[in-house]
Amino acid sequence: QAIILLSHNTKFGDCALATVMMNGKETLPSKLVTHTWKNLFAHLVAAIVADALRIPMYEHILSRLEPKEISTLISELYWKSKLDSTYWVCAFSINQHASICHLPGGKDPKTDLAHPLCPCLTPKDDYAA
């Protein structure tokens, strides 16, 4: 749901979150990453960071994503020249407003409240849902 909220009504319109994150600059990725909506977001991030650092398993990265550890992880990525590595992550790179933002999306795990539907008027692709 954060992806849809952060990419709604931006200076680029309703768009893919990657467009917002890259300030509209087209960027070619070096790797493609897919995910499942049922997986934890931290696991997705840890897997990408592990790949960038050439670590075969992401479990060792998970604890380094904690606020008290993240700066040392970012420093390691910097010194290994990995901060400019580009990954195509489907959740960020696909315009959710042209596909699924109007569909019920489950509940917030902390509040148990249903996620709100996106109010955008972006035409939906019939094949995307």
Side-chain angles (χ1 to χ4, degrees):
Q1 290 300 313
I3 292 169
I4 291 172
L5 294 174
L6 293 172
S7 61
H8 170 61
N9 200 25
T10 73
K11 67 181 178 181
F12 308 105
D14 296 324
C15 59
L17 184 57
T19 302
V20 176
M21 294 168 70
M22 298 306 294
N23 202 26
K25 180 183 173 197
E26 289 188 18
T27 306
L28 292 175
S30 59
K31 299 202 176 174
L32 179 138
V33 179
T34 191
H35 72 99
T36 172
W37 290 110
K38 293 179 183 178
N39 200 1
L40 295 177
F41 183 72
H43 291 190
L44 173 67
V45 173
I48 293 169
V49 172
D51 180 77
L53 294 174
R54 298 182 170 251
I55 297 171
M57 304 294 280
Y58 71 86
E59 290 87 0
H60 302 294
I61 299 295
L62 279 171
S63 63
R64 299 182 69 196
L65 295 176
E66 295 293 329
K68 64 182 185 217
E69 297 290 331
I70 194 78
S71 62
T72 59
L73 181 58
I74 292 170
S75 181
E76 181 178 353
L77 289 162
Y78 172 81
W79 288 108
K80 292 184 177 180
S81 300
K82 298 298 182 179
L83 288 179
D84 290 330
S85 298
T86 53
Y87 289 79
W88 188 95
V89 178
C90 55
F92 300 145
S93 301
I94 294 171
N95 183 353
Q96 306 291 340
H97 300 284
S99 56
I100 65 167
C101 74
H102 65 297
L103 300 174
K107 294 182 178 183
D108 183 294
K110 290 188 177 186
T111 65
D112 201 37
L113 297 174
H115 290 297
L117 298 180
C118 180
C120 83
L121 301 176
T122 302
K124 309 300 183 238
D125 293 331
D126 291 335
Y127 62 86

Can you give me the closest heavy-atom contact between [X] and [Y], atom names plus distance?
{"X": "Ser7", "Y": "Ala16", "value": "CB-C, 4.1 Å"}
{"X": "Leu44", "Y": "Thr34", "value": "CD1-O, 4.2 Å"}
{"X": "Gln96", "Y": "Cys90", "value": "NE2-O, 4.1 Å"}
{"X": "Glu69", "Y": "Thr72", "value": "O-OG1, 2.7 Å"}

query = Got a sec, which hydrophobics cluster with Met57, joining ILVMFWY side chains under 4.5 Å apart, including via others?
reply = none
If you round to the nearest 0.5 Å, how far is [atom2] of [Y] from [atom1] of [X]?
{"X": "Glu26", "Y": "Thr19", "atom1": "CD", "atom2": "OG1", "answer": "8.5 Å"}
{"X": "Asn9", "Y": "Asp14", "atom1": "CG", "atom2": "CG", "answer": "6.5 Å"}
{"X": "Leu83", "Y": "Ser85", "atom1": "CG", "atom2": "OG", "answer": "8.0 Å"}

Side-chain heavy atoms nearer than 4.5 Å, only ILVMFWY residues, links allowed to pass through others: does that put [X] and [Y] together?
{"X": "Leu77", "Y": "Ile61", "result": "yes"}
{"X": "Tyr87", "Y": "Leu6", "result": "yes"}
{"X": "Ile4", "Y": "Ile94", "result": "no"}
{"X": "Val33", "Y": "Leu40", "result": "no"}
{"X": "Val45", "Y": "Trp88", "result": "no"}

query = Parallel, tilted or perpendicular for His43 and Tyr58, by the 30°/60° rule?
reply = tilted
If you count heavy atoms of other groups shown closer than 6.0 angstrom to [atom1] of [X], is the number above 12?
{"X": "Tyr78", "atom1": "OH", "result": "no"}
{"X": "Asn39", "atom1": "CG", "result": "yes"}
{"X": "Leu121", "atom1": "CG", "result": "no"}

inquiry  = Do Lys82 and Val49 make a side-chain contact, defined as non-hydrogen atoms from C-beta onward lying under 4.5 Å apart?
reply    =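 Not in contact.
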request  = Check whether any side-chain heavy atom of His97 sits under 4.5 Å from a side-chain heavy atom of Cys118, and report yes or no.
outcome  =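 Result yes, sub-4.5 Å side-chain heavy-atom pair found.
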request  = Apply side-chain contact (heavy atoms from CB on, under 4.5 Å) to the pair Thr122 and His8, showing each step before the final yes or no.
outcome  = CA-CA 10 Å; Thr122 302; His8 170 61; over 6 Å; no
message = Just to verify, what does His60 make a ring pair (Phe, Tyr, Trp, His ring centres under 6.0 Å) with, not counting sequence neighbours?
response =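 Counting only residues at least two positions away or on another chain, His60 forms no ring pair (Phe, Tyr, Trp, His ring centres under 6.0 Å).
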key: Trace of the side-chain contact (heavy atoms from CB on, under 4.5 Å) decision for Cys15 with Thr10   = CA-CA 8 Å; Cys15 59; Thr10 73; 3.6 Å; yes
query = Between Ser93 (side chain) and Val89 (backbone), is there a donor-acceptor pair under 3.5 Å?
reply =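 Between the backbone of Val89 and the side chain of Ser93 there is a qualifying donor-acceptor contact (under 3.5 Å).
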query = Checking Ser30 side chain against Thr86 main chain: does a donor-acceptor pair fall under 3.5 Å?
reply =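 Yes, because the side chain of Ser30 sits within donor-acceptor range (under 3.5 Å) of the backbone of Thr86.
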request  = Show the numbers, then the answer: is there a side-chain contact (heavy atoms from CB on, under 4.5 Å) between Lys80 and Arg54?
outcome  = CA-CA 11 Å; Lys80 292 184 177 180; Arg54 298 182 170 251; over 6 Å; no
